[in-house]
Structures are given as C-alpha cells and as structure tokens.
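Step one of this worksheet: look at the structure below.
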Amino acid sequence: MIQTPRKFPHPLHNFNQCTQNNKRFVSGVIAFTAIDKSSKYPRSSNMVHKLGKLRVPLLKSPYYFGHFTSRVNRLYNEDKYSANVLTLPEDRTVFNFNIFDGHGGEQCSTFLKDNLSQEIENANELSQEDNSSVRNELAKSYWKNIGGYWKRWYKHKDANFEAMSPENNSMKLTNIKHTQDDLSLRLPLSFLETDYKFFKDEDKSGSTCTSAFLETIYSESTEADSSFEKYYFNRNTISKLTIAQVGDTRAILVDKNGQAHALTQSHHPSNPTESKRLRKYAANFFMTDSFGEERFIALANTRAFGDVSYKEMGVTSEPDVIQLIVGDNTAIKKQLTAEEIKNYTVGALGGDESFLVLCTDGVTDILTDQEIGDIVMVHYNMKGHPKASPQLCAEEVVKFVEYVGGDDNATCLVIRLNGWGSWPISDRTGQLRQERMKDYSPRGERV
C-alpha cells in the first residue's frame, strides 16, 4: 500500500507569498475596437474613426469560440473547460483554451478550470532559464514528498529541464523575428506546480487536460485597418499554435481542405512511449482488464493531474508540447520559406486552417476525428453565415453523441481559425453518420 504524506509543504511558498498581493488575475475577455461606420464619414476615406474598446467575454463570443458540454448518461458531469487571454513577458497576448476530463470526482477538473491559466501566467520566475533554484525546489518537493518515480526524476532533473529548454524546442523562422517563446519550459513546470498545489490537499480525484495557446507573431496592416486588433482569426495574420496535452483529451485541427488532423496522442498504457517510460520503474503495474484493454494499475491514463495515490509509480502531469504555424495562406507564403511551411504547418498546406477542436473522450470514443470535423462543416454549410457559429457547431457535435448512445460526459470546444467557412462543400463521413443514427434511432424497428 502506498503511504501518502498527510501534508505536502508548498514548494514555492516564498515566491507565491511575495507576489500574492500584486497578482494580476487572468483575463477572460477579448477586446475589440469599435468603429463608426455611419454615413457621416465618406466611404472613400482611408481614415478609421474609433469609438472605443469593446470588452467581450470569450465564453460569450459565439462567433469566434464555441463550447458545449453534457453529462449524457452519467449522473454527474466531471468535464470542465475554460477560455482566457494571458499576458506573458514582453507584453505578449496569448489566447488560451483548456478542456479537462475529471475522474473520481469533479474536484480536480474544477480546480484546473479555476487555476491552471492563472498559474501559467504567473510562472515567470519558474520559467526563467537562468534561475534554476525555484525549479529545483519544485523537483525536490516531488522527490521528498512522493518519492518512487520522482526520486529518479530528481536525480536526472538537469537533463529533464534541458529537454524543456526553449532553445532546444522553439521554432526559428528566417523572416519573422522574436518567435522564440518560453512555453516549452513554462507549460511543463506550471502544470507540475498546479498539480502539486491540488494534491497537497489530499483529494484523490484526477483529471486529464488538453490546452491550446494561440499567439499572433506577424500581421500585415495598412493605414486603413491599423486600429484593428491582430488576432489569430483575422486575415493577414500569422500565429503560433501551441498544444499541451496530458491524458486522453484530444486536439483536432481541420485544414483548409476539410481534412481532420489529430494533434495529440493519448497517454494510455498501450502507447509505446508511455510504456517505455513507465516500465523502467513500474514493470509490475501493467495489467489487462476484462475487456482486454491494457491498464496501468487501475488507470486508463498514464498521465493526469491529481491521482495522488498513483504519483509514486509515475503518473505525471508533464504535458506533451507541440507547436505549429497557423494563419493567412498569402502571408505565410510570403514570410515563411518552403522548408518552414513543410515543417511547421499542418499537412504542409501553408495556412488557411478552418478550425481547431478540443474534446473529451466522451466524444472521441464515439466519433472519429473526421466525423467531428464533418459535423461542424456540414452544419455551417446547412445554416450558413452568421447563424452557424462555432457555438452552434460545438452543440451539434455533442448532441450527435447523445443521440447515438454515448455513455460518458461529452464536451466539445470549437475555435474559429483564419479559414473558417472556406472549406470545400463535401462530407467525407456522411454515410457513416447516417448508419450510426439509423442503428441507434429510438424510432427504429425492434427485433
């Protein structure tokens, strides 16, 4: 039996204490410039007449961000999600969308919804490459208070931190300067710090997580449109998309041709990378359940927040982090080399991506990635602009899961990108979905 300490001392106590009074609470709103388009200004004029700023909550911006969740056939809904606008060093504005799939209770997923974005924004000292003392203290806390897997992790902490270094991970673009960021280091460390803050209170619930970060790194502007914010969904912009994933929630990017691309790989015991990582320390904890599915002790996921009883054996909240370039195809072709387009854009297509989907396994256990993308596109094609917003499309994905007999909480987020609505009129999985609805139809014939 694993002996869990009754009280985990806070690893960053002094740092948190000195910044608590000056903490900037993370923003959940998007700012737009209001423009006067009345007839008193000639249409031929290049002048832009500003009326001020509009601040709209991201969760109430259905034209840009859709979100919907359902408990389906469960008694409780342990899925959670959040949307925020982070301010990172050098006055960088980064949009952050998160989805959490709780298990063993909703305490962990709720904690993440309320705190993860704030911890990421506040992790400036933790992510400074030339300041190792705070990172070492965090790693030491895992070693001293959990042990097991983390004892070996601490022994190799320098190599582990080096693997997270922005110098070794950030993309370097020839014609776009200042593209290096600290997310490859900031995200793993803030995830670990957030996890430690949660399970030090001895709650045994857990949660998986997929987080998306969108930062505009280039925009073209003229005198006429210089007042408009250069957000990732606008034309003539190039943005960096960062995905951080823990567990089996999923990120799916749909390209300009309507093709769905999975950006994440589930952290299951059957994942070769996870199996290799854990068998070094916990070879006797792999087993197969009655359905023939491989499990790590009693868990379907080998990475998760919370699950304190399994931390000693190697269940970790360290995310896999990937980065891509998204944005306007014309701008990308002008600013990126052919090799950069090949390496950094999805499908090597060079931008104009349609939308990004984040969803829990209550959706992906029922629908394929392409089916999810097709449901979004078909409902947009049927309803047309502006009725078929990302909000409506997110609702339709979850409603389809409910209709065909899903048995887990289902949550879907749809994030509009530069090529929203410009995909070809086609439905790759329409016949398959029709068969699903026929098989599960409550009005169908009974044998």
Next on the checklist: Would you call the rings of W423 and W420 parallel, tilted or perpendicular, taking 30° and 60° as the class edges?
Outcome noted: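 Perpendicular.
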Next on the checklist: Atom CD of residue position E435 - does it have more than 12 heavy atoms of other residues, nucleotides or ligands inside 6.0 Å?
Outcome noted: yes
Checklist entry - Hey, is CZ on R92 packed in by over 12 heavy atoms from elsewhere, all under 6.0 Å? => result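 Yes - once you tally the heavy atoms of other residues, nucleotides and ligands closer than 6.0 Å, there are more than 12.
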Judged by atom type as modelled, is there a donor-acceptor pair below 3.5 Å linking the side chain of [X] to the main-chain atoms of [Y]?
X	Y	answer
D328	R235	no
E78	G105	yes
E137	V134	no
T249	T210	yes
N236	S219	no

Item to check | Lys/Arg cation over aromatic F32: R55, 6.0 Å, 45° cone | outcome: no
Next on the checklist: Quick check with a 6.0 Å cut-off and a 45 degree axis cone: is K157 positioned over the face of Y154's six-membered ring?
Outcome noted: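 Judged by the rule (NZ or CZ under 6.0 Å from the ring centre, within 45° of its axis), K157 counts as positioned above Y154.
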Checklist entry - Taking all atoms of both residues into account, what is the closest heavy-atom pair of L189 and L138, and its distance? => result O-CD2, 3.8 Å
Next on the checklist: Quick one, R74 with D79, criterion salt bridge (Lys or Arg N to Asp or Glu O under 4.0 Å). Give me CA distance, side-chain angles, the key distance, then yes/no.
Outcome noted: CA-CA 11 Å; R74 298 289 179 92; D79 287 358; over 6 Å; no
Next on the checklist: salt bridge (Lys or Arg N to Asp or Glu O under 4.0 Å), that's the test. Do E353 and K256 meet it? Break it down for me.
Outcome noted: CA-CA 5 Å; E353 297 82 8; K256 64 181 180 181; over 6 Å; no
Please determine if [X] and [Y] form a salt bridge, counting it only when a charged side-chain N lies under 4.0 Å from a carboxylate O.
X	Y	result
K204	D307	no
R303	E318	no
R250	D361	no

Checklist entry - Centres of the Y149 and W143 rings: under 6.0 Å? => result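 No - the distance between ring centres of Y149 and W143 does not fall below the 6.0 Å cut-off.
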Item to check | K113 side chain near Y81 side chain, heavy-atom distance below 4.5 Å | outcome: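 Side chain of K113 against side chain of Y81, heavy atoms only: no contact under 4.5 Å found.
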